[in-house]
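Just below is one structure, and these are the notes that go with it.
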Number of protein chains: 2
Amino acid sequence: MNSSILTIGHLAKQTSTKVETIRFYEKNGLLPEPSRTEGNYRAYEPDHLNRLSFIRRARDLGFSLDQIRALLALSDNRGQSCAAVDAIASEHRAEVEKKITDLMALKAELDRMIDQCECGIVADCRIIETLSPK
Amino acid sequence: MNSSILTIGHLAKQTSTKVETIRFYEKNGLLPEPSRTEGNYRAYEPDHLNRLSFIRRARDLGFSLDQIRALLALSDNRGQSCAAVDAIASEHRAEVEKKITDLMALKAELDRMIDQCECGIVADCRIIETLSPK
DNA sequence: GCATGACCCTGTAGCAAATACAGGGGCACT
DNA sequence: AGTGCCCCTGTATTTGCTACAGGGTCATGC
């Protein structure tokens, strides 16, 4: 038996991923199907671990599964220009920037609303009033 | 016929909501079931319009449907203390603040990653390298 | 007087990105 | 042989909608 073969549980532990999530990635084409043991257990090789680590890092950075699929495909073609990689990362950064802007505007509105609350009764509540029409 | 009675389409237009979304709010207990016409059409009254406007404003401010359900219940009991309202709004603001902080850290990481890309070939790509394990 | 099209109805399925069972089988240790 | 942990498949749940499919109703035109 090869000692570098991993069960799904080992892979999960080493990447801080839930077992179900790993199966989910497989079903969705992010992680290739591993071979199976006689007992029908998934038998992972070091490459799987690398690929899953890649996926998890990209997820931590907020990339969508679609974007990660594309990044993985690009990283498998190491001779290509990495302009496409840059495009995906920059697009994602732009989305993050937009979210930040939107959330900051939102927070400003919440601040305004909450600061007016004098915590009396609901009938006089400025928060409810702000939300209510007219 | 009362001219203040509205069809679901009118309600949708006046609140910039999709018809399906209004039915969804009803099914999920945010909007009370209106009476029906002979033809089984929903017949809304001005109160429904007010309530739906409230929901949409709260959604625009990022409140969850659960939070909105709670806010609506509070706004229906106008004699109560509005401390509970303040608590919901403050909790939401804290969540928004956390999201902003998290996204700004994320953006900083993306900035670092993208700035290193010299757009050569994938094999030398710093973005792929950053994502790859070890 | 009916045809056309715009509107409405219910019910179901889909999206992201997992997470959580249910109901069963495998494996190691004692 | 029993205990307990791990693994398997398949389905349902989450959030907040959106998008049909397959029908019924209503207003307007001719």
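Fair warning: this is a prediction, and the values are worked out from it, not measured in the lab. In the text below, chain A, chain B and the rest are named by the order of the sequence lines, each starting its count at 1.
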Contact check, side chains of A:Cys82 and B:Cys117, non-hydrogen atoms, under 4.5 Å =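 In short, these two side chains touch, coming nearer than 4.5 Å.
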About how many Å separate CG of A:Leu106 and NZ of B:Lys99, when rounded to the nearest 0.5 Å?
->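 So the NZ of B:Lys99 and the CG of A:Leu106 are separated by 9.0 Å.
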Rounded to whole angstroms, how far apart are [atom1] on [X] and [atom2] on [N]?
X: A:Ile8; N: C:dC27; atom1: CD1; atom2: P; result: 16 Å
X: A:Glu33; N: D:dC8; atom1: CD; atom2: P; result: 12 Å
X: B:Tyr44; N: C:dC7; atom1: OH; atom2: C1'; result: 14 Å
X: B:Leu11; N: C:dC9; atom1: CG; atom2: C1'; result: 16 Å
X: A:Phe24; N: D:dC8; atom1: CZ; atom2: P; result: 17 Å
X: A:Leu31; N: C:dA17; atom1: CG; atom2: P; result: 16 Å
X: B:His92; N: D:dT15; atom1: NE2; atom2: P; result: 16 Å
X: A:Ile68; N: C:dA17; atom1: CD1; atom2: P; result: 8 Å

Does the A:Arg93 side chain pair with the main chain of A:Glu97, one donor and one acceptor, at a distance under 3.5 Å?
->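 Absent.
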Return no unless some side-chain N or O of B:Thr7 is found under 4.0 Å from OP1 or OP2 of C:dC8.
->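 Answer is yes, contact under 4.0 Å.
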When you compare the protein's N or O atoms with those of nucleotides 10-16 of chain C, which come within less than 3.5 Å of each other, and at what distance?
residue	atom	partner	partner atom	Å
C:dT10	OP1	B:Arg36	NH1	3.3
C:dT10	OP1	B:Arg36	NH2	2.9
C:dT10	OP2	B:Arg42	NH1	3.0
C:dT10	OP2	B:Arg42	NH2	2.8

Examine the side chains of B:Tyr44 and B:Arg51 and answer whether a donor and an acceptor come within less than 3.5 Å of each other.
->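 Distance-only check fails for B:Tyr44 and B:Arg51.
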Please check if any side-chain donor atom of B:Arg56 sits under 3.5 Å from a side-chain acceptor atom of B:Ser16, or the reverse.
->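 Side-chain D/A pair, B:Arg56 to B:Ser16: absent.
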Are A:Arg42 and A:Glu33 within salt-bridge range, i.e. N to O under 4.0 Å?
->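 No.
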Is B:Glu118 paired with B:Arg126 through a side-chain N to carboxylate O contact shorter than 4.0 Å?
->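 Salt bridge between B:Arg126 and B:Glu118, a charged N being under 4.0 Å from a carboxylate O: no.
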If you find the nucleotide of DNA chain C closest to B:Val19 and the one closest to A:Gly39, which residue's nucleotide is nearer the 5' end?
->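 Of the two residues, B:Val19 wins.
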Classify the nucleic acid contact of B:Tyr25 as base, sugar-phosphate or nothing, counting any heavy atom under 4.0 Å across all strands shown.
->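 The answer is sugar-phosphate, as B:Tyr25 gets under 4.0 Å only of primed atoms, P, OP1 or OP2.
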For A:Thr37, which contact category applies under a 4.0 Å heavy-atom criterion: base, sugar-phosphate, or nothing?
->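 Touches nothing.
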Closest to the B:Tyr41 side chain, choosing from D:dC26, D:dC17, D:dC6 |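 My answer, after comparing the listed nucleotides, is D:dC26.
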Which nucleotide in the set D:dC26, D:dC8, D:dA19 lies at the smallest distance from any side-chain heavy atom of B:Lys18?
->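 Ranking D:dC26, D:dC8, D:dA19 by closest atom to the B:Lys18 side chain puts D:dA19 first.
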